[in-house]
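Both counts, for ligands and for their atoms, begin at 1 and track the order of listing. Starting from 1, each residue takes its place in the sequence as its number. Scope of the values below: all heavy atoms of this structure, side chains included, with no hydrogens, waters or symmetry mates. Just so we're clear, the structure is a prediction, and the values are computed from it rather than from any experiment.
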Amino acid sequence: MTAQILDGKATAKEIRDEIADEVRRWVDRGGAKPCLTAVLVGDDPASQVYVRNKHRACEQVGIAGKVERLPADATESQLLDLIGRLNADPTVHGILVQLPLPQRTDQAGDESAAIDTRRLLDAIDPAKDVDAFSPVNVGLISQERPRFLPCTPHGVIRLLARYRLPTAGRRVVVVGRSDIVGKPIAMMLAAKNGVCGPDYANATVTLAHSRSADLAEITRQADLLVAAVGRPEMIRGDWIKPGAVVIDVGINRVGDRLVGDVAFEEAAEVAAAITPVPGGVGPLTIAMLLKNTVAAASGS
Ligand code: NDP
């Protein structure tokens with residue numbers, strides 16, 4: 001293996017330490033203890049683990065982490081009521097709805113029994129929308145005057161900055177166009193004034209997806225390749241330009257292993273730098289969620 005490993009775990013620890021300091025100073029000055037409330041619907045084991053990890057991360061930096069649990073058969077109006085109450089509660093600074101919500105149909109197979117995830121996310125007060133999913137917050141990001149930054153893209157850019165891997169003027173390919181990862185990271189890397197300065201923005205960005213023709217041809221042109229697909233090890237070594245930086249956002253369970261969207265061993269022979277899975281982007285996502293929660297509490 002020749003590639004440098006980009007250590008997301010260590011970077012996230014540094015960021016969490018900074019956040020813990022910031023919280024301490026804020027509370028010492030008489031500020032209210034920041035509070036993040038997660039809404040967890042049903043008993044999906046992966047969602048429970050994610051919420052538990054977020055809760056633990058909150059406690060470690062001095063943020064109050066709360067969880068509102070609702071049964072898998074909770075109705076949309078029950079959920080909207082809960083979000084309304086959290087919006088109105090001045091002791092709650094950040095609200096997140098753990099996704100995905102349980103899939104369901106009624107007894108007649110009518111899918112209208114399902115909860116409209118978009119309507120639920122839209123109901124969160126944008127000032128408490130620490131995942132930065134609301135149309136208001138996405139619009140502010142697109143105009144380069146963000147209130148909150150989406151956690152995974154923000155974490156990726158912080159990682160690039162920590163390892164001094166600038167993107168300005170470089171060719172970036174993002175594979176995957178989800179609202180959570182692909183689209184916002186493409187937007188942030190193409191921006192003029194990046195969150196970590198203009199050197200970590202100003203890229204020439206291609207956003208690829210499942211309908212992109214000749215995907216390997218496209219990825220081979222990337223100085224920086226970001227994979228956010230959700231397909232285990234889909235991106236092979238020969239899809240990567242020699243000397244490229246590879247950011248693997250994917251987290252896929254294969255048997256009892258977690259793997260990314262990139263075939264790590266092959267890619268590490270070609271790339272100059274690469275994130276591992278686990279221990280790459282994942283820990284940064286949670287760290288940036290904490291950062292947004294502190295910003296929501298302190299108005300900073
Ligand atoms: P989504 O399923 O929402 O989006 C996947 C995207 O990949 C879509 O745009 C889809 O294209 C595209 N895609 C699917 N198959 C192909 C293909 N064969 N070729 C090219 N493009 C393809 O996923 P997310 O963005 O939510 O998540 C992506 C991965 O990142 C997952 O493994 C997820 O677990 C992980 N993740 C990790 C996080 C972290 O903290 N590290 C945070 C969030 C997600 P189309 O739009 O055409 O359907």
Test item: Tyr163 side-chain N/O and Asp7 main-chain N/O as donor-acceptor pair under 3.5 Å:
yes

Which atoms of ligand 1 are found less than 4.0 Å from any heavy atom of Gly230?
28 (C), 29 (C), 31 (C), 32 (O)

Which is closest to atom 20 (C) of ligand 1 by heavy-atom distance: Lys183, Arg253, His209?
His209

Identity and distance of the protein heavy atom lying nearest atom 16 (C) of ligand 1:
Val229 CG1, 3.5 Å

Backbone of Leu215 reached by a side-chain donor or acceptor of Ser212 within 3.5 Å
no

Salt-bridged, Glu68 to Arg85, with N to O below 4.0 Å?
no

Distance from atom 37 (C) of ligand 1 to nearest protein heavy atom, with residue and atom:
Val249 O, 3.1 Å

Output the list of atoms in ligand 1 that are nearer than 4.0 Å to some heavy atom of Arg177, sorted by atom number.
6 (C), 8 (C), 9 (O), 45 (P), 46 (O), 47 (O)

For atom 40 (O) of ligand 1, what is the closest protein heavy atom, and at what distance to 0.1 Å?
Thr285 OG1, 2.6 Å

Indicate, as side chain, backbone, both or neither, the part of Asp179 found under 4.0 angstrom from ligand 1 when only non-hydrogen atoms are considered.
neither

Name the closest protein heavy atom to atom 48 (O) of ligand 1, giving the residue it belongs to and the distance to 0.1 Å.
Ser210 OG, 3.7 Å

For atom 15 (N) of ligand 1, the closest protein heavy atom turns out to be Arg231 NE, 3.2 Å

Any side-chain to backbone donor/acceptor pair from His93 onto Cys35? Under 3.5 Å, distance only.
yes

Check: of Leu289, Asp261, Val181, Thr219, min heavy-atom distance to atom 43 (C) of ligand 1 comes from Val181

Taking 4.0 angstrom as the limit and counting only heavy atoms of Thr152, give me the atoms of ligand 1 inside it, by number and element.
40 (O), 42 (C)

Let's go through Glu59 and Arg16 carefully: what are the C-alpha distance in whole Å and the side-chain angles of both, what is the deciding distance for salt bridge (Lys or Arg N to Asp or Glu O under 4.0 Å) to 0.1 Å, and is it a yes or a no?
CA-CA 11 Å; Glu59 301 292 325; Arg16 284 201 309 272; over 6 Å; no

Minimum distance, heavy atoms only, to atom 34 (O) of ligand 1: which one of Ile251, Leu258, Asp248 is it?
Ile251

May I ask you to check whether over 12 heavy atoms, not counting those of Arg170, lie within 6.0 Å of atom CZ?
no

Counting N and O atoms only, with roles assigned by atom type, does the side chain of Asp131 sit under 3.5 Å from a partner on the main chain of Leu96, one being a donor and the other an acceptor?
no

Under a 4.0 Å heavy-atom limit, does Leu284 contact ligand 1 with its side chain, its backbone, both, or neither?
neither

Which ligand 1 atoms are under 4.0 Å away from a heavy-atom of Leu215?
19 (N), 20 (C)

When you measure from atom 24 (P) of ligand 1 to every protein heavy atom, which one gives the shortest distance, and what is it?
Ser178 OG, 3.7 Å

From atom 27 (O) of ligand 1, is the closest protein heavy-atom distance below 4.0 Å?
no

Are any side-chain N or O atoms of Asp223 and backbone N or O atoms of Ala244, one a donor and one an acceptor, separated by less than 3.5 Å?
no

Using a 3.5 Å distance criterion without hydrogens, assess whether the side chain of Thr167 forms a donor-acceptor pair with backbone atoms of Ala201.
yes

